[in-house]
Each structure stands twice: as C-alpha cells, then as structure tokens.
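Read the numbers this way: they start at 1 and go in the same order the structure lists the ligands and their atoms.
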Amino acid sequence: MATTFPEGFVWGTATSAYQIEGAVREGGRGVSIWDRFSHTPGKTENGDTGDVASDHYHRWRQDVGLMKELGLNAYRFSIAWPRIIPDGSGAANQAGLDFYDRLVDALLAAGIEPFPTLYHWDLPEALYDKGGWLNRDAAGWFADYAAVVSSRLGDRVRRWITHNEPFVAAFEGYALGSHAPGLNDPKAALQVAHHLLLSHGRAVPILRQNSEAGAQVGIALNLSWVDPASERQADVEAAQRFDGLLNRLFLDPLFRGAYPADMLAYAGPLAPEVEPEDLLQIATPIDFLGVNYYSRAVVADDPQGGPLGARQIVPPYAELTEMGWEVYPEGLRQLLVRLHQEYHPAALYITENGCAAADRLQDGRVHDPQRIAYLSAHLAAAHQAIAEGVPLRGYLVWSLLDNFEWAYGYTKRFGLVYVDYATQARVVKDSGAWFRQVATANALP
Ligand code: FCB
C-alpha cells in the first residue's frame, strides 16, 4: 500500500547561496566571511572555494527548469547578504535584489513556491570587521537587511526563514573553528548564538509587516535525537548536556522565552550577556519550525571532550553515509514527536534531510540506491510522525544540486542532480527521478 502524505504537502529541495551561486565578484556582490575563510590555506579540502561553485548565478534558469522537471512545488534557497548590501549595512545593491527578484518570478511561473532563508552563514566581511555577530549591533544590521529584502520580495514570498542553523554558525564558526570565521573561543560562540537568536526575533515582525497577510515566518535549526552511549549515569548526563547545547539552547528561548537553567548553570562565566527584553523578543511567536535532520547523536561522557565534557561516538555496526554520519531514520520520528509534545510549534517543515554518497557519472547516468534508501526511510519516519499527530507540512531534500560542502569543499555530493564541475553539466541522478515520483504522487511508492 502506498504511504500517502496530507493534501497540500510541500515537496522541495534546499540549497544555499555560497554553496551554489559562484560569481563571487559579479553583480556588485561584496565579500563575505566565507570568501575569506575558504581562501585561507588549510581551511577547506583541496583549498576549494565557492568562487565558481555550481555556477547557479549564471545557470539559475536551467536549475528552475530542473526543479520543474522533478515535479517539485517548493524551493528553499538562501539570499546572499553581500549581494544585497555589499558592505553589510548601508546602501542596497539593485543588481543583487534584481537577481533574486527574477529567480522568485521564474519559480512562481514554474509553479514552485519560493522559500527563502535570509542567513545561511555568509556574513559580509565589512560587518565582521566591526565585530560581526559578537557585536550586539548585528541584530540591528540583520533587521535592516531583512527589511530591504522583504520590501522587495514580500509581495510574492509567502514563507520566510530567518536563519539557517544558528548552532553551526555559532559553534563551528566561533568555538571549533571549522567554519568561518574560524575562531576557537567558546564564550564568544555562546554570545554569538544569543545575538543570532536576537536578530531572528528582531526580523520576525519586519518580515510579516512587509509581506502579504497570511505569510509565514520561521527559523531552521539543526536538531538531533540524542541517545547516551550507555546506561551509565555519567553518559546519561553527558547526553543531557549535549542535548542542552545542540537542541534546548535554541528551542527553549524560541518557544519558552528562557535559556535552559541547567545549561546556564553549566556555562557559568561562559554564559552570554543578555539584556532584559532580549528573551521576549526572541520568543516572538513564529509560524513554523524548520528542522534540519541528518542523524542522531550518541554521546559519551569524556572529561577530555572540550568544555562540554562529552564526545560523540559512532555505534558499532552503524550504517554510515559518506559524511561518516549514522543512518538513523527512527531518530527523525522521535525528534519530531518530541518537538510537538514539548514545544508545540504551530507547524513544522523538514527544511533539510539528505545524504552524501560516492556518486559516479557512468554512461550519462548516476545510480545512487543508497540515497533512495536513505530518503525513503526518512520519509517513512516522517509519515509515522504525522500519524502520531505532528503537524508536519513539508519536506525539502538537501540538496537540489551537488555543491560546495563548506570545509569539505567539493568532495561530498548531496544533490538529487549531479554536477560535473569540469563542464557544469547537470545530470538527474536516479534519486532525482525517484523523488519526482514521490512528489508528484504525494506518496511513497
Ligand atoms: C547543513 C547545512 C547545509 C549543508 C548540509 C549538508 O548543516 O545547513 O548547508 O551543508 O548540512
């Protein structure tokens, strides 16, 4: 029997600006922290950069055509702040606005709903020079940027995402140093997380005000189901700390207007500086929560495991993707049910889910059965969550195209569509053809 999804279910793919656009010196675009980071020797595999990426800035018409061919009804993309306001604050760049304006029109003409994200990690370098997300003024810079974008696109965009994965932007960027701007300062990371959330809260009413009635605003968080590595009390507590940092540090302020007390106590002097009205603003009601889910986390106590005193382990016999991430679809069901029961978001979207595989172009085809199995299992888990009452409204695959996978450069392929980087030719993978069937039938075969 086919597994049918609710009527009006959103089926799409997701991408982000720096990962696909290229054309970093065209159309008046300013420099972002990812330009500088990727051009710093040793920061990315093979020294790869997003200078050319998947050349979407020039091939966007073809890419919209591909989505139409795949039968999709939504497209999550991100808007590059440095294209819109090259210096981060101040004058807007019409050529940048025009690019997204044309993209939105082409999507709508193809019957595909534009689902833009305002911030997918490409902070204008000029703002980083003023302290970037560590500067409390960043909340205001972001609100101004949100106003510029929504004044231009708000007549056509009906679903907005403020931020993508503030956890990753804050902790990979400022504590682990594996992402731009590449710092190793846990206290800074917590302060950045707070400012990212504050900027979200500031932008929500602006996006609503500049859009048509009924437009929805949300945020996309990277969330995981967290299991302790054993039943030992130390591991159980380590898993709680990990959950506190990854999940609750973002969910609690957004949905409850407070940071989790156990995490504030644990952070001690590392806790962020928070002003009186901040949490009220952060908890401004949103219309949906976007969930980016790839894997669960299995966590062990480890006194050497950084400030958190914890370490992620890979369970023996786990099936892994090319990223080394465990394939664990049951965690998606568990996570969705937990979010619904504990935080009650009005609606949820899976704003990213997908896997990297060792894709090879052979005789003009790409056979990727692992990806089909991964997507199919996660969609079955999502369907189960819906059956359990979770108001899940849509599912967006990461990603439409193979692209620049941050510090991994071009070594990891996540697309439903293969990109031959030598020629920029696009080839729909077997998983793309499979997903087309799912999206058009609104059901898993
Ligand atoms: C997420 C990011 C996205 C992509 C996937 C694989 O953390 O939001 O840009 O890199 O992982």
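A side-chain donor from one of Asn292 and Glu165 sits under 3.5 Å from a side-chain acceptor of the other.
When each atom of ligand 1 is checked for a heavy atom of Phe414 under 4.0 Å away, the hits are 6 (C). Each of the atoms 3 (C), 4 (C), 9 (O), 10 (O) of ligand 1 lies under 4.0 Å from some heavy atom of Trp406. Each of the following atoms of ligand 1 lies closer than 4.0 Å to a heavy atom of His120: 2 (C), 3 (C), 8 (O), 9 (O). When each atom of ligand 1 is checked for a heavy atom of Gln19 under 4.0 Å away, the hits are 3 (C), 4 (C), 9 (O), 10 (O).
Residue contacts with ligand 1 for Met323 are absent, since no atom lies close enough (heavy atoms, distance under 4.0 Å). Contacts between Asn164 and ligand 1 below 4.0 angstrom, taking non-hydrogen atoms only, involve the side chain exclusively. For Phe404, no heavy-atom contact with ligand 1 is shorter than 4.0 Å.
Once rounded to the nearest 0.5 Å, the distance linking CG of Leu72 with OG1 of Thr440 reads 9.5 Å. Note that CG of Leu197 is 8.0 Å distant from NE2 of His163, once rounded to the nearest 0.5 Å. Between atom CZ of residue Phe414 and atom CG of residue Leu400 there is a gap of 14.5 Å, rounded to the nearest 0.5 Å.
The pair Arg76-Glu352 meets the salt-bridge criterion, with a side-chain N (NZ, NE, NH1 or NH2) lying under 4.0 Å from an Asp/Glu carboxylate O. Remark: Asp122 does not engage Arg29 in a salt bridge, criterion side-chain N to carboxylate O under 4.0 Å. Of the charged side-chain nitrogens involved, none lies within less than 4.0 Å of a carboxylate oxygen, so that Arg83 and Asp98 do not count as a salt-bridged pair.
Protein heavy atom nearest atom 5 (C) of ligand 1, with residue, atom name and distance: Tyr294 OH, 3.3 Å. In this structure, atom 10 (O) of ligand 1 lies nearest to the protein heavy atom Glu405 OE1, 2.8 Å. The shortest contact between atom 3 (C) of ligand 1 and any protein heavy atom is with Glu352 OE1, 3.5 Å. Ranking protein heavy atoms by distance to atom 7 (O) of ligand 1, first place goes to Glu165 OE1, 2.6 Å.
Ligand 1 does not have Lys412 within reach: every non-hydrogen atom of the residue lies 4.0 Å or more from it.
In terms of polar-atom proximity, Trp121 is not counted as a contact of ligand 1, lacking any N or O under 3.5 Å from an N or O of the ligand. Considering backbone and side-chain N/O atoms, Trp325 never comes within less than 3.5 Å of an N/O atom of ligand 1.
For the pair Arg202 and Phe142, the cation-pi test (distance below 6.0 Å, angle within 45°) is failed.
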Any chance you could lay out the side chain to side chain donor-acceptor pair (under 3.5 Å) test for Glu172 and Ser178, step after step, and finish with the verdict?
CA-CA 5 Å; Glu172 297 227 21; Ser178 44; 2.8 Å; yes

